[in-house]
Protein chains: 2
Amino acid sequence: MKLDTYSQSTPEVAETNTINTAKTATTEQSGKDFFVQNTCKDKKDSEGHGVCPLRELLSRLGDKWSVLLILTLARMPGERARFSELKRSLPDISQRMLTATLRNLERDGLISREMFAEVPPRVEYQLTELGVSILNPMREIVTWIEGNWTTIITSRETFDKKNPKEENGLQ
Amino acid sequence: MKLDTYSQSTPEVAETNTINTAKTATTEQSGKDFFVQNTCKDKKDSEGHGVCPLRELLSRLGDKWSVLLILTLARMPGERARFSELKRSLPDISQRMLTATLRNLERDGLISREMFAEVPPRVEYQLTELGVSILNPMREIVTWIEGNWTTIITSRETFDKKNPKEENGLQ
DNA sequence: CTGAATCCTTAGTGATACTG
DNA sequence: CAGTATCACTAAGGATTCAG
């Protein structure tokens, strides 16, 4: 027997509540909506493309090494370096992940790859124009993080203190 | 029997190669290095903090819903909305993920949570000052993605055409 | 040197059902 | 309404080994 205590809406607070539900939808161009709004599925279409650009690109930038790799490459002379240099600059990255990340970034056109048919193989990676163009927005995020990191840490500590659950975070 | 064909460095191309290895390290403040450089481990210290702020925050922004949620909240009047409104705005998110993402963002201090002890429970979430402050850098990334999305798609297509492997991407 | 191939572990995510 | 709890699945990531 389900008590109806928590039905759709109680008499006194019908439909629209304290906070207005504000159909502000029309105030935004529906172009933006494509990126943020409802229709944003992660399913791939017939071509194999993701259908949510924002989410897909974001998750690329959010993956473990892409940003670090781009920033590392940006610090190299000519925004250019070879495989082993990158490996040295990011000691914690596994060879497998370095290869894979480079490959994905190349696929997206952010870096270019040049292979030299020498006896000890040499491969050089370089930020493309597209890759360079993302540096500024990227650096703004980095700057923001640098500037607010301690604030965030503090926030976490007080939060964890007030919520002394076993384990925090996802799951 | 290992042939020594690929030893450290071949005679004619010793140590420093075509591309100079440029110890440009000194040209960068070592503060930056903390974020990008070698010492960047993902291990947690005794307190449970990640030791690589950049990576950690980036992966938060890169997770499936954080950015979408922040942007959605930013579009609400007063950068404020209740749980069910957010759920409606992001129909594809599961309740579990909405709860978890909101919780993480609250923990980081990007959003605040206010609970009302009413009979049908009401909880309102709002971007904090910190949360609002990340909107601009975030929007720059979004803008960049919007502006370069088709370029990236094109790049991927040509790449996949030239590399007709079974499946691309990681793994 | 620069990868590719395998194997394996686990974190992220979704579906579903239950609760105050 | 706003969550929690469980379970199950997948994909991301690491370690290691093999190869041109």
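Residue numbers start from 1 in every chain, and the chains themselves are labelled A, B, ... in the order their sequence lines are given, proteins ahead of strands.
- When the P atom of dT2(C) is taken as reference, atom CD of Glu124(A) falls 9 Å away, rounded to whole Å.
- Trp65(B) has its CH2 atom 16 Å from the P atom of dG12(C), to the nearest Å.
- Considering only heavy atoms from C-beta on, Lys64(A) stays 4.5 Å or farther from Ile93(A) through its side chain.
- Put simply, Arg82(B) has a side-chain N or O that comes within less than 4.0 Å of OP1 or OP2 on dA2(D).
- In this structure the side chain of Leu98(B) reaches within 4.5 angstrom of the side chain of Leu69(B), judged on heavy atoms.
- To the nearest angstrom, P of dG12(C) lies 11 Å from CD of Glu56(B).
- Between Ser84(B) and dA2(D) there is a side-chain N or O to OP1 or OP2 distance below 4.0 Å.
- What separates CE of Met97(B) from P of dG12(C) is a distance of 9 Å, to the nearest Å.
- You'll find that the side chain of Tyr125(A) is closest to dG3(C), out of dG3(C), dG3(D), dA2(D).
- Atom CD1 in Ile93(A) sits roughly 12 Å away from atom P in dG3(C) (whole-Å rounding).
- Closest approach to the Gln95(A) side chain among dA17(C), dT13(C), dT17(D) is made by dT17(D) (side chain taken as heavy atoms from C-beta onward).
- Side chains of Asn163(A) and Arg103(B) form a contact here, defined as non-hydrogen atoms less than 4.5 Å apart.
- Residues Asn136(B) and Trp144(A) are not in side-chain contact: their nearest non-hydrogen atoms beyond the backbone lie 4.5 Å or more apart.
- In terms of phosphate contacts, Lys64(A) brings no side-chain nitrogen or oxygen within less than 4.0 Å of OP1 or OP2 of dA11(C).
- With no hydrogens or angles considered, no side-chain donor-acceptor pair links Thr101(B) and Asn104(B) at under 3.5 Å.
- If you check distances only, the side chain of Arg96(A) does reach the base of dT6(C) with a donor-acceptor pair under 3.5 Å.
- If you take CG of Asn104(A) and C1' of dG13(D), they are 13 Å apart, rounded to a whole angstrom.
- One atom, CE of Met115(B), and another, C1' of dC1(D), lie 12 Å apart when rounded to the nearest Å.
- Ranking dT13(C), dC1(C), dA2(D) by closeness to the Val123(B) side chain, first place goes to dA2(D).
- Look at CG on Leu98(B): it is 11 Å from P on dT4(D), rounded to the nearest Å.
- Among dG13(D), dG3(D), dT2(C), the nucleotide with an atom closest to any side-chain atom of Pro121(A) is dT2(C).
- Here the side chain of Phe83(B) is nearest to one of dG14(D), dT13(C), dA2(D), namely dA2(D).
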